[in-house]
Amino acid sequence: MDVTQQLAEFAAANSTAVLERPNPVITDAGLLAAFDNTPIDPEEYANLNPHVLALTLTSTQALISAIFTLPTKSTSSGPVVNLPTPVTLLPREKPLPKPKPPTKWERFAAAKGISHKKRDKDVWDDEKQEWVPRWGKGGKNREKEDQWLHEVKQGEGADLDPAKTARTERKARIAKNEKQHAANLSIAANAPKPISTLRDPTFKSSSSLSDSQEVKQSSRNKRKAELERSMLISKTSTASLGRYDQKIEGEPKVKGVKRKFEANVGTGGFEGEREKALGVLKRVESTVGKPKKAKKGGEGEEGGLNVRKAVRFASKQDGGKGRVVGKTGKGKRK
């Protein structure tokens with residue numbers, strides 16, 4: 001059986017021959033990429049699969065040849081090649097981040113022309129000839145407290161302690177900074193937070209912006225309602241309940257409870273009025289002829305003796321000295 005023709009066809013279909021391209025293949029070893037800029041000829045794509053395979057082999061061989069020209073170094077795992085910096089500029093995956101809005105301090109510094117400069121933790125001490133910490137134990141900020149000689153200005157008292165005064169001023173600065181820090185934290189905590197999304201953190205959709213605006217509006221309305229309530233309470237704290245006080249522009253009106261009166265003719269006409277009158281008459285008739293409930297402390301039947309009330313009455317008649325009779329019949333004076 002002659003299979004020469006079949007083998008030739010298989011070899012032609014799986015040929016590893018490199019095509020000759022009019023334009024050389026451009027390689028970028030940093031990205032491990034090869035680019036073939038030769039114009040497409042529709043006649044070459046008559047046999048699609050063999051032609052695409054030949055193009056792939058041509059580009060791959062050019063890329064591998066470019067990699068083998070790079071310098072190598074020997075390691076325990078074998079020769080290693082350091083890839084160069086990529087030359088091809090790829091398009092950006094995400095949009096450029098938007099600039100962050102300036103903070104309150106940045107706006108103030110820009111208005112006043114203040115340039116921000118980061119301070120070092122250590123400063124040079126000319127007297128000690130060494131670097132000392134700016135703050136903390138043995139810091140430069142405690143220099144006046146630790147020095148052994150202080151200059152007393154004219155007019156200051158003889159009992160003035162400069163070291164104690166410097167320490168008091170430093171403590172006051174610390175307390176001021178802590179107060180400002182706490183205020184900044186409270187402002188940041190009450191500020192509306194943007195809704196987190198799975199996109200770029202610098203990206204803000206229209207829904208997140210509308211949600212933040214709704215949060216701001218609700219917080220503003222809440223503060224407005226609290227202020228109006230406090231204003232009404234303060235105005236009604238006077239003797240005239242604010243009736244003769246001077247009104248403020250934009251002051252909300254006090255909404256009192258309005259009395260409701262029923263119409264002379266009922267909503268159901270004369271029939272409704274008749275039913276109401278019969279209902280009142282039935283409630284009156286239901287209580288006529290029924291014995292009243294015995295009061296607490298009585299014998300249980302109507303007209304029974306209330307022992308506690310009788311003892312109190314007798315003690316008042318005797319001038320506070322009443323006699324209580326027990327089961328044995330003997331009396332004991334209180």
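Index from 1, following the sequence. Just so you know, these numbers come straight off a predicted model, no measurement behind them.
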Sequence neighbours excluded, the answer for side chain to side chain contact (heavy atoms under 4.5 Å, CB included) partners of Val87 is Asp28
Using a cut-off of 6.0 Å, state whether more than 12 heavy atoms not belonging to [X] lie near its atom [atom1].
X: Gln180; atom1: CD; value: yes
X: Glu226; atom1: CD; value: yes
X: Leu149; atom1: CG; value: yes
X: Arg229; atom1: CZ; value: no

Rounded to the nearest 0.5 Å, what's the gap from [atom1] on [X] to [atom2] on [Y]? Could you check?
X: Thr88; Y: Ile26; atom1: OG1; atom2: CD1; result: 8.5 Å
X: Lys140; Y: Lys128; atom1: NZ; atom2: NZ; result: 8.0 Å
X: Ser219; Y: Lys224; atom1: OG; atom2: NZ; result: 13.0 Å
X: Lys282; Y: Glu275; atom1: NZ; atom2: CD; result: 9.0 Å
X: Asp122; Y: Glu130; atom1: CG; atom2: CD; result: 10.5 Å
X: His51; Y: Glu44; atom1: NE2; atom2: CD; result: 4.5 Å

Closest approach of [X] and [Y], non-hydrogen atoms and distance?
X: Ser315; Y: Arg312; result: OG-O, 2.7 Å
X: Ala34; Y: Leu63; result: CB-CB, 4.4 Å
X: Lys137; Y: Arg142; result: CA-NH1, 4.4 Å
X: Arg92; Y: Pro97; result: NH2-CD, 3.6 Å
X: Phe108; Y: Ile114; result: CE2-CD1, 4.0 Å
X: Val52; Y: Tyr45; result: CG2-CE2, 4.4 Å

I want to check something: taking the side chain as every heavy atom from C-beta on, are Lys73 and Asn82 in contact at a cut-off of under 4.5 Å? yes
Would a 4.5 Å heavy-atom cut-off, applied to side chains only, mark Arg173 and Lys176 as touching?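 The answer is no, as the side chains (C-beta and beyond) never meet within the 4.5 Å cut-off.
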Please name all residues satisfying side chain to side chain donor-acceptor pair (under 3.5 Å) with Thr69, sequence neighbours left out, ordered by chain then number. none
Membership question, hydrophobic clusters at under 4.5 Å side-chain separation (ILVMFWY): are Ile174 and Trp135 in the same one? no
Would Leu55 end up clustered with Ile40 when hydrophobic side chains under 4.5 Å apart are linked, directly or stepwise? yes
